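Both ligands and their constituent atoms are indexed starting at 1 by order of listing. Model, not experiment: these values are computed from the prediction.
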Amino acid sequence: MKTQLRSSRVVIIGTGAVGATTAYTLLLRERISELVLIDANKEKALGEALDMNHGLPFTGGVKLWAGDYSDCADADIIVIAAGASQRPGETRIDLLKRNAGIFDSIIQNIVKYNNHGIILVATNPVDILSYVTLKKSGFPTNRVIGSGTLLDSARFRYLIGQNKKINPRSIHAHIIGEHGDSEVPLWSLANVAGIGLEFNEQEREEIFNSTKNAAYEIINAKGATSYAIALALDRIIVSILQNEGSVLNVSTLLTDYNGVSDVYLGVPSIVDRTGVRQVLDLQLGDAELTQFQASANKLKSEIANLEL
Ligand SMILES: NC(=O)c1ccc[n+]([C@@H]2O[C@H](COP(=O)([O-])OP(=O)(O)OC[C@H]3O[C@@H](n4cnc5c(N)ncnc54)[C@H](O)[C@@H]3O)[C@@H](O)[C@H]2O)c1
């Protein structure tokens, strides 16, 4: 039987491809008790809520409705998936100007009603917008989390699993840094049951390029990515609400971490009821360290142009 917390409310802001699929995933998992959908396009949120509510006879006890910001008052977790998404050929950084603007009003509306919950950011560029959320909300660092490189790491594990013919759940492998073009594959730590994995140069190049370019490929093919990001967000939400202490590559504020400070990046972190409880120290190879610091510098130079 699934353990459902007695009263756990998740609010999703932005009910497009990512937000609506995340809502549907949470509904199927039945790990939360209340789910609220908010969108600038009220009709869209209403339609999604109605459609999902009609599935309740087949699922179970989640109470779900299209709401407004006052519903954030009792929220344990507020997911932000609102804003522009990549068009074919656009990078995530290309979205910064458009999405940083809408975060002003979204964060203001959240903090009007909630100062105790956890804000989980999915909108791209997710690392920079998590930093923006931290600064604008005044929330403590542990309670502002970005989905980070959890999805990228899942793609990496899937592709390594395909290469080695091993179930991806048994592959331990991490992508760290930006959720985007400067992300860093940690080949030195990839393992199965503690046994290091060997790859030749061509395999490394193919696996990493397919990982890094996955979103471009999917967006070209079907216009948006939705299922795997929804499962990744569900994973983070459940780890928080069930106080799991799972290690997830979420985006979090780094301080004196492998020479990097004052920027949000995806790194393995312990996630529990407090949010990000602890960032795990990593022993990076020389090349990995250089790439990680370059990823941080890239994002810091973008942040420097923002008014925060
Ligand atoms: N973090 C990740 O790993 C990851 C993965 C996939 C997509 N994304 C990002 O998630 C975001 C959403 O992607 P999508 O494909 O769902 O886009 P979408 O266009 O399908 O949906 C966006 C929704 O946001 C709503 N919206 C816009 N401005 C709003 C506002 N001010 N307040 C409330 N709602 C507002 C729109 O009405 C729309 O319904 C994009 O930035 C995308 O790049 C992140």
| Got a sec, which hydrophobics cluster with I207, joining ILVMFWY side chains under 4.5 Å apart, including via others? |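 I207 clusters with F156, Y158, L159, I160, I166, I171, I175, W187, V192, L197, F199, F208.
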| query | Can you list the residues that meet the salt bridge (Lys or Arg N to Asp or Glu O under 4.0 Å) rule with E34, with sequence neighbours excluded? | reply |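 Applying salt bridge (Lys or Arg N to Asp or Glu O under 4.0 Å) to E34 gives R9.
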| request: Return the set of residues passing salt bridge (Lys or Arg N to Asp or Glu O under 4.0 Å) with K298 (not counting sequence neighbours), or none when no residue passes. | output: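 With sequence neighbours excluded, K298 shows a salt bridge (Lys or Arg N to Asp or Glu O under 4.0 Å) to E178, given in chain and number order.
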| Test item: I93 and I128 side chains (from C-beta on) under 4.5 Å apart, heavy atoms |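 Side chain of I93 against side chain of I128, heavy atoms only: contact under 4.5 Å found.
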| K135 and E307 ion-paired at < 4.0 Å |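 Not counted as a salt bridge, because no side-chain N and carboxylate O are separated by less than 4.0 Å.
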| Salt bridge R277-D272, side-chain N to carboxylate O under 4.0 Å |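 Counted as a salt bridge, because a side-chain N and a carboxylate O are separated by less than 4.0 Å.
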Check ligand 1 for N or O atoms under 3.5 Å from a protein N or O and list each pair with its distance.
from     : atom 1 : to   : atom 2 : distance (Å)
ligand 1 : 1 (N)  : A122 : O      : 2.9
ligand 1 : 1 (N)  : S147 : OG     : 2.8
ligand 1 : 3 (O)  : H179 : NE2    : 3.1
ligand 1 : 8 (N)  : N124 : ND2    : 3.3
ligand 1 : 16 (O) : A17  : N      : 3.0
ligand 1 : 16 (O) : V18  : N      : 2.8
ligand 1 : 20 (O) : A17  : N      : 3.0
ligand 1 : 24 (O) : G83  : N      : 3.2
ligand 1 : 34 (N) : A40  : N      : 3.1
ligand 1 : 37 (O) : D39  : OD1    : 2.5
ligand 1 : 39 (O) : D39  : OD1    : 3.4
ligand 1 : 39 (O) : D39  : OD2    : 2.7
ligand 1 : 41 (O) : A84  : O      : 2.7
ligand 1 : 41 (O) : N124 : N      : 3.1
ligand 1 : 43 (O) : N124 : ND2    : 2.9

